[in-house]
2 protein chains.
Amino acid sequence: MIGGECVEKIVIVEDDVFLRDELQNILEKEGYSVECISSFDTPLEDIVSASPSLILLDLNLPKLSGFDICRALKAKGIGPILVLTSRNQLRDELHALGLGADDYLTKPCHPKRLIARIQKLIHLYANMHVMLDAGDFQIDEMANILYVGKDSISLSENEGIIINALLKASPSVVKKEELFNLLWGSSDYVDENILQVNMTRLRKTLDGVGLSNRIKTIRGIGYQLIGGDIQ
Amino acid sequence: MIGGECVEKIVIVEDDVFLRDELQNILEKEGYSVECISSFDTPLEDIVSASPSLILLDLNLPKLSGFDICRALKAKGIGPILVLTSRNQLRDELHALGLGADDYLTKPCHPKRLIARIQKLIHLYANMHVMLDAGDFQIDEMANILYVGKDSISLSENEGIIINALLKASPSVVKKEELFNLLWGSSDYVDENILQVNMTRLRKTLDGVGLSNRIKTIRGIGYQLIGGDIQ
DNA sequence: ATTAACACTTACAGTTGTTGTAAGGTTTGT
DNA sequence: ACAAACCTTACAACAACTGTAAGTGTTAAT
């Protein structure tokens, strides 16, 4: 093991069983926790729910294009993505990098090079702001800063929690109870209209930067972030 | 020009005049502002004062090792560093990446690949927390968070300004007037002991996370961050 | 149309964190 | 010993955030 103790989880998206096992072997020897995902099943959901520190992605998937996975993951702010492929054409590399891949290695690749690149990417991402993208605005989840155009405003804790939940679920509806749990899950009692108050406050804040009517009320169910159309 | 308007500045550290001109040509066509620095002169100071969006570094510098530059820049939190070199040995790549290089390309390198990698790195760094390193503690300058060991505490605005100024100047002394300017430069009048009060508060905060006696008073001059010995 | 459930808005007050002021104590160098 | 420089502490003002409360508006089913 080269790099001290690791508890980082790496997801391998690769259908070739032989290659997959070899990669898994290399990475586990290095101390990483490894999860293998096939392009059959439901790769996107599986990757998201694994919440890995890095995604090792093959481009030559029989079922689904690696490019599509790349694009989809990046839209959700998930990464880093290291593409490891036998396609050594420059145009593939440019395409993958353009879609959001963070590094591009061609097979055969020396294990040490692979490990070095993986470490690099994981370290880079550890120091990154996670930027959630809603199309016409972005949110720095960690710092609770909302960017819209050239402006940026800082959100309060509650505002951040709500908009993050809405954005991550978008375009799905977020149930009232979910928001209650996120915000006051540990409190024994809060006034029942507290969520409405906080929704009003968030809406007013969004209004202030030109983002009007972006939170829709689903009567009896919850709230939904609309517009921006990143999907 | 591939990637829209750019005003990013790239510093090329390369002594071979022919290669340098070629690179400069490619980058400027792409819309980047380019500054060339030779390893003769004072490369480190020149790079720092240029404050580039990216450093394009050759390893084969006759005067000074590219590795040394790499290490020195990273200690100061300056980056990203893209190494472009004719040394195509794996051990050189591993060494460079280990010292802090963010990408490693070997010549000859297709201009489009170079540009793609440059764009990638600049974009990554734009979303990064700038982490200032004092050896035994780190500071996220943007979010005003101080990391020491596994703990992290958030600093107040004033605390952040002071510790950042001290850290960036370290191990030099920061003059009282400089701090006054940073903190209350726009105010017409503040009490004369206000700086002392804020130094006390910062010291107490640092004490709270085990960082005692790290700010030395230079009587009549200013303050100095000591210990940590990163240099 | 009526009604009850649901949602929205506004004002108020408690809490917390930050900051400048003031007053008094301590250290330092000569 | 003495004065300048520095440190510490307490206090109050201020701003931001948040929950409560009360009243208003909206929706959908009867």
Side-chain angles (χ1 to χ4, degrees), chain A residues 143-146 152-164 166 173-209 212-226, chain B residues 143-146 152-164 166 173-209 212-226:
Chain A
N144 263 3
I145 299 174
L146 185 150
S152 72
I153 57 168
S154 77
L155 303 175
S156 78
E157 201 62 29
N158 281 3
E159 287 175 325
I161 292 173
I162 297 174
I163 191 79
N164 277 322
L166 294 177
V173 177
V174 181
K175 295 207 191 75
K176 284 186 292 181
E177 301 84 58
E178 275 182 57
L179 291 171
F180 261 104
N181 279 335
L182 280 172
L183 286 155
W184 305 282
S186 56
S187 309
D188 36 332
Y189 172 79
V190 285
D191 200 291
E192 62 165 345
N193 88 332
I194 183 63
L195 180 56
Q196 294 162 18
V197 173
N198 277 272
M199 295 307 293
T200 297
R201 284 174 180 156
L202 174 56
R203 280 169 168 151
K204 197 175 290 180
T205 300
L206 293 180
D207 267 16
V209 291
S212 302
N213 297 93
R214 297 298 297 278
I215 298 176
K216 188 176 169 188
T217 303
I218 312 298
R219 193 177 170 86
I221 311 289
Y223 298 89
Q224 180 187 25
L225 186 67
I226 56 174
Chain B
N144 264 4
I145 299 174
L146 184 149
S152 72
I153 56 169
S154 79
L155 303 175
S156 77
E157 201 62 30
N158 280 3
E159 287 176 326
I161 293 174
I162 297 174
I163 192 78
N164 277 321
L166 293 178
V173 177
V174 181
K175 297 208 190 75
K176 285 185 293 181
E177 300 83 60
E178 275 180 57
L179 291 171
F180 262 105
N181 279 335
L182 280 172
L183 287 155
W184 304 282
S186 54
S187 310
D188 35 334
Y189 172 78
V190 284
D191 199 291
E192 62 165 343
N193 89 332
I194 183 62
L195 181 57
Q196 293 162 18
V197 173
N198 277 272
M199 294 308 293
T200 296
R201 284 171 181 156
L202 174 57
R203 280 169 169 152
K204 196 176 291 179
T205 301
L206 294 180
D207 266 18
V209 290
S212 303
N213 297 94
R214 296 298 297 277
I215 299 177
K216 187 176 169 188
T217 304
I218 312 299
R219 196 179 170 83
I221 310 291
Y223 298 88
Q224 180 187 25
L225 186 68
I226 55 174

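A note on names: the letters A, B, ... follow the listed sequences, proteins ahead of strands, and every chain is numbered from 1.
Nucleotides of DNA chain D nearest to Leu155(A) and Tyr189(A) differ in position, and the one nearer the 5' end is that of Leu155(A). Nearer the 5' end of DNA chain C, as judged by each residue's closest nucleotide, is the contact made by Arg219(A), out of Gln196(A) and Arg219(A).
Under 4.0 angstrom from either OP1 or OP2 of dG20(C) there lies at least one side-chain N or O belonging to Asn198(B). A close approach under 4.0 Å does occur between a side-chain nitrogen or oxygen of Tyr223(A) and OP1 or OP2 of dC8(C). OP1 or OP2 of dC6(D) lies within a sub-4.0 Å distance of a side-chain N or O belonging to Lys176(B). Taking only side-chain nitrogens and oxygens, Trp184(A) never comes nearer than 4.0 Å to OP1 or OP2 of dT18(D). Remark: Thr217(B) is in phosphate contact with dC7(D), judged by side-chain N or O atoms under 4.0 Å from OP1 or OP2.
For the pair Leu202(B) CG and dT9(D) P, the computed distance is 15 Å after rounding to whole Å. Across the protein-nucleic acid pair, Lys204(A) atom NZ and dC8(C) atom P stand 13 Å apart, rounded to whole Å. Computed from coordinates, the Met199(A) CE to dA7(C) C1' distance equals 11 Å when rounded to whole Å. Rounded to whole Å, the distance from CD on Glu192(A) to C1' on dA22(D) is 13 Å. The nearest whole Å value for the distance from the CD1 atom in Ile221(B) to the P atom in dG29(C) is 12 Å. Between Lys216(B) atom NZ and dC6(D) atom P the separation is 14 Å, expressed in whole Å. The distance between atom CD1 of Ile194(A) and atom C1' of dA21(D), rounded to the nearest whole Å, is 11 Å. Between the CD atom of Glu177(B) and the P atom of dA5(D) there is a distance of 12 Å, given to the nearest Å.
Contact between Gly160(B) and Asn144(B) at its shortest, heavy atoms only, is CA-OD1, 3.6 Å. Closest heavy-atom contact between Asn198(A) and Trp184(A): ND2-CZ2, 3.5 Å.
Judged by distance alone with a 3.5 Å cut-off, a donor-acceptor contact links the side chain of Asn193(A) to the base of dT9(C).
For Val197(B), the side-chain atoms get nearest to dT8(D) when compared with the rest of dA21(D), dT19(C), dT8(D). Nearest to the side-chain atoms of Ser156(A) among the listed nucleotides dC6(D), dT18(D), dG20(C) stands dT18(D). The side chain of Thr200(B) approaches dT8(D) more closely than any other nucleotide in the set dT8(D), dC11(D), dC12(C).
Nucleic acid contact class of Arg203(B) (heavy atoms, under 4.0 Å, all strands): sugar-phosphate only.
Distance alone, capped at 3.5 Å, places no donor-acceptor pair between the Arg201(B) side chain and the Glu159(B) backbone.
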